[in-house]
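Below is one structure, written out as structure tokens; comments come after it.
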Number of protein chains: 2
Amino acid sequence: MNALGFEKHDHAHCMADGVASVAEACQAKGLQLTPVRRRVIEILLSEHRAMGAYEILDTLRAEGLGSQPPVAYRALDFLVKHGFAHKVERLNAFTACTYPGESHTPAFLICRECGAVVEAAAEPSKGDLGAAAEEAGFEIEQAVVEAEGLCPACRRKKAGGA
Amino acid sequence: MNALGFEKHDHAHCMADGVASVAEACQAKGLQLTPVRRRVIEILLSEHRAMGAYEILDTLRAEGLGSQPPVAYRALDFLVKHGFAHKVERLNAFTACTYPGESHTPAFLICRECGAVVEAAAEPSKGDLGAAAEEAGFEIEQAVVEAEGLCPACRRKKAGGA
DNA sequence: CTTGTATTTGGAATAATATAACATTACAAG
DNA sequence: CTTGTAATGTTATATTATTCCAAATACAAG
């Protein structure tokens with residue numbers, strides 16, 4: 001589980017790779033990565049934070065790729081459905097998947113200060129949630145695991161500024 | 001961790017107890033359990049499911065306790081803030097706390113078929129999320145843990161009806 | 001190439017969820 | 001009584017999301 005995403009990295013590279021891997025996956029599965037869909041995943045990859053549907057829509061609108069809410073929501077639904085993006089329930093916002101291709105339950109670390117979102121992989125069947133489900137006879141199909149708090153950089157700022 | 005809440009229980013009893021324990025806790029902490037607040041926690045306790053703010057507001061309105069959204073949201077904010085209720089992010093809805101008084105991170109089991117919601121206690125600092133946070137140097141302040149799937153009763157129905 | 005079918009898109013309207021802002025009331029402390 | 005704090009009433013608006021219908025496009029089968 002690699003969740004070191006808060007620290008610096010080669011962003012242009014990770015973004016290009018991200019789009020490429022989504023394109024490959026679409027080709028492999030016979031999915032249509034249409035211009036709007038491609039652009040939305042690009043937008044999401046371009047920032048390590050969760051973006052609202054309307055924020056994405058604003059960008060699409062400025063680029064002439066669509067101006068009505070359904071345009072953004074349809075693209076996001078496609079991306080989420082096929083595992084290329086996730087919805088962060090806590091924020092009613094969306095973020096590119098860090099581990100596309102691998103089936104997983106995303107676990108998010110959300111910085112309340114700077115808004116950065118980092119994804120780790122979780123296994124809800126283990127841990128407290130899985131134990132509770134088993135005890136109750138509940139069958140888990142999907143899980144939401146999200147933590148809000150302070151990322152390393154914002155912790156340092158707090159400590160320094162205080 | 002008791003998450004057997006999907007099975008039958010003495011509901012009138014659990015509801016009366018719930019209101020009483022909230023009232024006691026308010027008294028102990030010097031919090032005002034005003035009519036609207038009391039009624040909202042009663043409404044939430046009366047059903048083992050998550051209810052939308054506007055659904056609650058409809059009831060309040062019918063009873064002359066307030067008719068505008070802020071009335072419901074303020075009462076819910078109070079209840080959530082003091083741990084008497086929780087918000088289920090996945091559903092944008094609210095539910096009474098099953099373990100009032102004990103400080104905890106709620107973990108929800110949400111039946112997608114019948115809408116029942118059962119709360120278990122989780123310890124996000126352990127498990128995948130805690131491990132990821134530690135590795136990333138992230139400080140968790142709050143966590144959302146929610147699972148969607150089938151409750152025991154709905155699983156039986158599925159199995160029987162198929 | 002044409003046809004049939006499914007998918008995708010465009011766009012208007014509206015639903016559902018949530019908050020901002022400000023005036024008013026209640027009540028206890030000084 | 002005055003002042004401070006908390007709670008309420010109310011209007012308006014912001015934000016997030018979906019429904020619905022029509023038009024365009026993609027793509028495989030013939």
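Residue numbering restarts at 1 for every chain, and letters A, B, ... go by the order of the sequence lines.
- Taking a cutoff of 4.0 Å between a charged side-chain nitrogen and a carboxylate oxygen, Asp58(A) and Arg61(A) qualify as a salt bridge.
- For the ring-ring contact (aromatic ring centres under 6.0 Å, His included) test with His86(A), the passing option among Phe94(A), Phe108(A), Tyr99(A) is Phe108(A); the others fail.
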Just list the side-chain donor-acceptor pairs under 3.5 Å for residues 31-47 of chain B, sequence neighbours left out, or say none.
| unit_1 | atom_1 | unit_2 | atom_2 | d |
| --- | --- | --- | --- | --- |
| Arg37(B) | NH1 | Gln32(B) | O | 2.8 |
| Arg39(B) | NE | Glu63(B) | OE1 | 2.8 |
| Arg39(B) | NE | Glu63(B) | OE2 | 3.2 |
| Arg39(B) | NH1 | Glu42(B) | OE1 | 2.9 |
| Arg39(B) | NH2 | Glu63(B) | OE2 | 2.9 |
| Ser46(B) | OG | Ile43(B) | O | 2.6 |
| Glu47(B) | OE1 | Arg49(B) | NE | 2.5 |
| Glu47(B) | OE1 | Arg49(B) | NH2 | 3.2 |

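- Across every non-hydrogen atom of Ala121(B) and Asp128(A), the tightest pair is O-CB, 4.0 Å.
- Salt bridge status for Glu146(A) with Arg90(A): absent, with no side-chain N to carboxylate O gap under 4.0 Å.
- Under the 4.5 angstrom side-chain criterion for Ile, Leu, Val, Met, Phe, Trp and Tyr, the cluster partners of Tyr54(B) are Leu57(B), Tyr73(B).
- Note that the first and last nucleotides of DNA chain D, 5' to 3', having any atom under 4.0 angstrom from a heavy atom of chain B are dA6(D) to dT11(D).
- Across all their heavy atoms, Gly52(B) and Ala93(B) have their closest contact at N-CB, 4.0 Å.
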### Task
Can you check each nucleotide of nucleotides 5-22 of chain C against protein heavy atoms at under 4.0 Å and return B for base, S for sugar-phosphate only, - for none, in 5' to 3' order?
--SSBBBB----BBBBB-
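- Under a 4.5 Å side-chain heavy-atom cut-off, the cluster of Ile, Leu, Val, Met, Phe, Trp and Tyr residues that includes Val144(B) is completed by Val144(A).
- Classification of the Phe84(B)-Phe78(B) ring pair by plane angle, with boundaries at 30° and 60°, yields tilted.
- Counting all heavy atoms, side chain and backbone alike, Cys97(A) lies closest to Gly83(A) at CB-O, 3.4 Å.
- The overall bend of the helix from dC1(C)-dG30(D) to dG30(C)-dC1(D), read as the angle between its terminal helix axes built from five base pairs each, is 30° when rounded to 10 degrees.
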